[in-house]
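Written out below as structure tokens is the structure these notes cover.
Computed over heavy atoms, backbone and side chain alike; hydrogens, waters and symmetry mates excluded. A, B, ... follow the sequence lines: proteins, then strands. Residue 1 opens every chain.
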2 protein chains.
Amino acid sequence: MPKQASVNIENKIAGLLKRNNLSITDSRKKILHLFLEQTGALAHGDIEKRAGEKFDRVTVYRTLQTFVDKGIIHTIPTADNSIRYALCKDECAGGHHHDHHIHFVCHKCNNTYCLDDVVTPEIKLPKGYSAEHVEVVVDGICKNCR
Amino acid sequence: MPKQASVNIENKIAGLLKRNNLSITDSRKKILHLFLEQTGALAHGDIEKRAGEKFDRVTVYRTLQTFVDKGIIHTIPTADNSIRYALCKDECAGGHHHDHHIHFVCHKCNNTYCLDDVVTPEIKLPKGYSAEHVEVVVDGICKNCR
DNA sequence: TTAAAAAAGCAACATAGTTGCAAATGAAAA
DNA sequence: TTTTCATTTGCAACTATGTTGCTTTTTTAA
Ligand SMILES: [Mn+2]
Ligand SMILES: [Mn+2]
Ligand SMILES: [Zn+2]
Ligand SMILES: [Zn+2]
């Protein structure tokens, strides 16, 4: 990796943490690195493995929770009872999430993608129900696996 | 409860199990009762509690898994890492699920409903992705809670 | 009624997630 | 730069959730 790029990513991470009034710590930097280094979403287990033996399990839980609270990452519901996390766009800062994209889970490579360009559809509900948030998860084969 | 009704529900349960080549056992009957007695979905925890001290935890897990495999119930993904289960319509029998309805989670009463009349929308995916199954979960206030 | 097959219960284990508290680290003041 | 205070981390202990192998019990069908 060229030096300039790694400096940039460091700055990006530091900025992101500062903007959210979070102190800059090793575990936070490391976990944000994992998210920035790749496209898809990460399950808690992935993060624990890929953060190496470096951090305590509890720290990973607390760090992810903090990031969700601040609007840095968002959760993706899945049918297999393993919550996944992905980076939010900038609009989510300040503890409010404004993600309106759908999610795609490939059952071949098992990756989860945020399809940022696919907006969640309007759902017409029966009388009496009022919607606050719509979550769409599509399951199938991703473009890398066909 | 009038005797006739309780006989009917017993027959219904027995028929459901027989049609799916499942032997008729106390735990299966009890758990199907729970589903038939109410509208919404049940989380694993609910079922364990409401089935009383009567059955082993393991039996509950295995019974639910069997029902999912046979197409008697289906799972509903949620963001809080607690899978919920709801009865399928009859078309799901034979180990194949054909549910195309959406789900609604009320964040007031915390009930989950199958909105059988609301069909999952067509989602237009980016080039290269192919969809197999679309899951929609809407969060908001249900008609009983407003 | 009996015999074979299936399911339930039990124990032991594995994994996931939580909590309180002491030690370590980071941010900001001196 | 050093000190101070607040925040974060790691650890230990715990609860909750889910799994597996095996024995006993129940169900089904001959
Ligand atoms: Mn996303
Ligand atoms: Mn449903
Ligand atoms: Zn794939
Ligand atoms: Zn409600």
Side-chain angles (χ1 to χ4, degrees), chain A residues 10-11 13-34 41-70 72-73 75-85 95 110 112, chain B residues 10-11 13-34 41-70 72-73 75-85 95 110 112:
Chain A
E10 292 301 329
N11 286 344
I13 287 171
L16 190 53
L17 290 171
K18 273 188 193 143
R19 241 178 298 133
N20 286 282
N21 297 311
L22 293 174
S23 46
I24 298 169
T25 69
D26 289 347
S27 62
R28 285 170 184 170
K29 282 191 287 183
K30 177 66 185 174
I31 289 175
L32 282 181
H33 251 291
L34 294 179
L42 292 168
H44 181 93
D46 299 332
I47 296 165
E48 248 185 68
K49 281 184 208 92
R50 292 162 70 169
E53 318 295 297
K54 226 169 157 323
F55 303 107
D56 194 83
R57 276 164 15 85
V58 179
T59 301
V60 176
Y61 281 107
R62 292 199 270 224
T63 302
L64 290 172
Q65 189 55 56
T66 301
F67 286 173
V68 170
D69 291 344
K70 290 289 187 175
I72 297 173
I73 60 177
T75 58
I76 304 167
T78 59
D80 71 335
N81 224 356
S82 77
I83 294 181
R84 305 193 177 193
Y85 301 89
N110 202 35
T112 301
Chain B
E10 292 302 328
N11 287 343
I13 286 172
L16 190 53
L17 290 171
K18 275 188 190 142
R19 243 178 297 131
N20 286 283
N21 298 310
L22 292 174
S23 45
I24 298 170
T25 69
D26 289 347
S27 62
R28 284 171 184 169
K29 282 191 286 184
K30 177 66 185 174
I31 289 175
L32 282 181
H33 251 291
L34 294 180
L42 293 168
H44 181 93
D46 299 331
I47 296 165
E48 248 186 69
K49 280 184 209 91
R50 292 163 69 168
E53 319 293 297
K54 230 172 153 322
F55 304 106
D56 194 84
R57 277 164 14 86
V58 180
T59 301
V60 177
Y61 280 107
R62 292 200 269 226
T63 302
L64 290 171
Q65 188 54 56
T66 301
F67 288 173
V68 171
D69 292 344
K70 291 287 188 176
I72 296 172
I73 61 177
T75 57
I76 303 167
T78 58
D80 71 335
N81 225 353
S82 77
I83 292 182
R84 305 193 176 194
Y85 300 89
N110 201 34
T112 301

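Here the straight-line distance linking atom CG of A:D80 with atom CD1 of B:I83 works out to 7.0 Å at 0.5 Å rounding.
A heavy-atom distance below 4.0 Å to DNA chain D is reached by these residues of residues 57-68 of chain A, ordered by number: A:V58, A:T59, A:R62.
Residue contacts for B:K54: at a heavy-atom cut-off of 4.0 Å it reaches the sugar-phosphate backbone alone, with no base atom in range.
Nucleotides of DNA chain C that come within less than 4.0 Å of any heavy atom of chain A span, from the 5' end to the 3' end, C:dA16 to C:dA27.
Residues A:A51 and A:L34 come closest through the heavy atom pair N-CD1, 4.0 Å.
Sorted by first and then second residue, the side chain to side chain donor-acceptor pair (under 3.5 Å) pairs with a member in residues 41-56 of chain A read A:H44-A:E48; sequence neighbours excluded.
Side-chain atoms of A:R28 come within 3.5 Å of backbone N or O of A:S23 as a donor-acceptor pair.
Looking at B:L64 and B:V60, their side chains come closer than 4.5 Å, going by heavy atoms from C-beta outward. Residues A:I72 and A:L22 meet the side-chain proximity criterion, which asks for heavy atoms closer than 4.5 Å. For the pair B:L32 and B:L17, the minimum side-chain heavy-atom distance is below 4.5 Å. For the pair B:F67 and B:I31, the minimum side-chain heavy-atom distance is below 4.5 Å.
Rounding to whole angstrom units, CD1 of residue B:I47 and C1' of D:dA16 are separated by 17 Å. In this structure, the CG atom of A:D56 is 10 Å from the C1' atom of D:dA12, given to the nearest Å.
Dashed line: the shortest gap from a side-chain N or O of A:S27 to OP1 or OP2 of D:dT8 is not under 4.0 Å.
Residue order along DNA chain D, read from the 5' end via each residue's closest nucleotide, puts B:H44 first among B:H44 and B:L22.
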